[in-house]
Amino acid sequence: MEAVLTVVALLFVLCLVLGVYATVKAVGAAKRGVDRTIAQARRTVEDTTLRARTLGQIGPAGEIAGLRLSLRTSMRATQEALHAGVTEDESLKESLGLFQRLSVHGRELDDELKRLEAEPDRQMLVSRLPELRERTERITTSADSLRWAVHDRARRFADDDLDTLSAQIDMEAGALRHWTTEEPAPGTPPRTEKTAPEPTAATVPNQPEQPESRAAREPSRPALGPREQRATYPWQRKPRPESTS
């Protein structure tokens, strides 16, 4: 009885531990989902604010807002392309590592541009704009180049797969139409029907000779002529001469 109670207690403790673990995992997943939603909403608000400043403000402040918007848009698009492609192509892990190094410079530049948005010294902003514009262009060019390479690689794989699939479908279609005759290839002479050779004496089967053909082969003899003399033998009697009386 004590053993049964011990087993029941262990099962109860195990179920309790599993329930706590599942609850913690569910809460963690929900918290990550909420954080992801909040971060996405914050990015959307910031992008909308930067777009409004780019269109509404004139001068260095508006240009800095435009640089921030261009930087954030390029980096986010490249990040999404790499994360989507690395799940299907393991060779993109190295590209993802390069992008992470590039993201460090992108975040530093974004933080610097964000601080300069509240800078009241207009002359200082004007003097810093060329250098900021060049850094932004270098980072966005690298990010765009990496993203376009990922897209070209995916499209190339899709084209190769489509070509292979089309070839296999053509072969299968030809196998299904096995009853069709093959057309002669271009440049080959047309097939001509062979005429039967004329029958010869060796090939013609033996047939009964006709009287006309036998008579034509025999030499002609005169209808009237001396009667042939038969050969006489010693034991034969000589014929008697006919009497003239």
Side-chain angles (χ1 to χ4, degrees), residues 18 21-54 63-117 128-177:
L18 291 176
Y21 177 77
T23 304
V24 171
K25 294 291 290 184
V27 170
K31 184 177 181 299
R32 286 192 298 269
V34 171
D35 294 340
R36 192 161 47 246
T37 304
I38 293 174
Q40 185 176 1
R42 185 183 296 113
R43 286 195 301 266
T44 304
V45 172
E46 291 180 356
D47 292 344
T48 304
T49 304
L50 291 174
R51 193 171 290 107
R53 289 178 181 176
T54 302
E63 188 170 355
I64 289 177
L67 292 177
R68 282 195 67 194
L69 182 62
S70 175
L71 176 65
R72 292 163 63 90
T73 303
S74 177
M75 297 296 289
R76 187 179 303 115
T78 304
Q79 182 180 11
E80 292 176 356
L82 286 173
H83 282 288
V86 76
T87 57
E88 300 178 357
D89 190 358
E90 294 292 334
S91 61
L92 294 179
K93 288 184 177 180
E94 184 176 357
S95 302
L96 186 59
L98 293 175
F99 176 75
Q100 291 175 354
R101 293 172 56 186
L102 182 65
S103 298
V104 175
H105 297 277
R107 283 191 292 268
E108 292 178 354
L109 178 59
D110 186 65
D111 294 339
E112 185 175 357
L113 291 172
K114 187 176 182 179
R115 288 192 301 269
L116 290 175
E117 285 180 347
R128 292 288 308 276
L129 274 177
E131 183 263 337
L132 295 173
R133 192 183 300 115
E134 181 183 359
R135 288 175 59 188
T136 304
E137 185 177 357
R138 290 179 60 185
I139 294 175
T140 55
T141 300
S142 299
D144 293 342
S145 177
L146 195 58
R147 183 176 68 257
W148 294 336
V150 172
H151 291 331
D152 291 342
R153 182 179 179 85
R155 185 174 63 253
R156 178 66 178 180
F157 285 164
D159 292 341
D160 292 343
D161 184 59
L162 181 59
D163 293 340
T164 304
L165 180 60
S166 299
Q168 293 176 355
I169 290 176
D170 292 340
M171 293 178 59
E172 182 65 19
L176 293 175
R177 297 190 184 97

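Only heavy atoms go into these numbers, but all of them, side chains included; no hydrogens, no water, no symmetry mates.
- Side-chain atoms of T164 come within 3.5 Å of backbone N or O of D160 as a donor-acceptor pair.
- L82 is not listed as a side-chain neighbour of V86, based on a closest heavy-atom distance of 4.5 Å or more.
- With sequence neighbours left out, Q79 forms a side chain to side chain donor-acceptor pair (under 3.5 Å) with no residue at all.
- Scored by the side chain to side chain donor-acceptor pair (under 3.5 Å) test, Q100 finds no partners at all (sequence neighbours excluded).
- Between I139 and M75, some side-chain heavy-atom pair lies under the 4.5 Å cut-off.
- Every residue was checked against the salt bridge (charged side-chain N to carboxylate O under 4.0 Å, His left out) condition with D161, not counting sequence neighbours, and none meets it.
- Considering all non-hydrogen atoms of both residues, T73 and L69 come closest at OG1-O, 2.7 Å.
- Panel note: side chain S74, backbone S70; no donor-acceptor pair is recorded below 3.5 Å.
- Considering only residues two or more places apart in sequence or on other chains, E63 meets the salt bridge (charged side-chain N to carboxylate O under 4.0 Å, His left out) condition with R133.
- Atom-to-atom distance recorded for L162:CG and I169:CD1 is 8.5 Å, nearest 0.5 angstrom.
- Between S91 and R153, some side-chain heavy-atom pair lies under the 4.5 Å cut-off.
- Looking at every heavy atom in both residues, A65 comes nearest to E117 through CA-OE2, 4.0 Å.
- Atom OG1 of residue T78 and atom NE2 of residue H83 lie 11.0 Å apart, to the nearest 0.5 angstrom.
- Side-chain atoms of L116 and L132, non-hydrogen and from C-beta on, do get closer than 4.5 Å to each other.
- With rounding to the nearest 0.5 Å, the separation of CG in D163 from CD in Q168 is 11.5 Å.
- Ionic pairing of D111 and R107 is not present here: no N-O contact between side-chain nitrogen and carboxylate oxygen is shorter than 4.0 angstrom.
- Take R135 and apply the salt bridge (charged side-chain N to carboxylate O under 4.0 Å, His left out) test, not counting sequence neighbours, and it matches E112, E131.
- Nearest heavy atoms, L102 versus A143: CD2-N, 3.7 Å.
- Every side chain to side chain donor-acceptor pair (under 3.5 Å) that R155 has, sequence neighbours left out, goes to D152.
- Closest of all the heavy-atom pairs between L67 and T136 is O-CG2, 3.8 Å.
- The environment of CZ in R138 is sparse: at most 12 heavy-atom neighbours from other residues, nucleotides or ligands sit within 6.0 Å.
- Checked for salt-bridge contact, D144 and R147 meet the test: a charged N lies under 4.0 Å from a carboxylate O.
- From R101, atom CZ reaches atom CG of L96 across 13.0 Å, with rounding to the nearest 0.5 Å.
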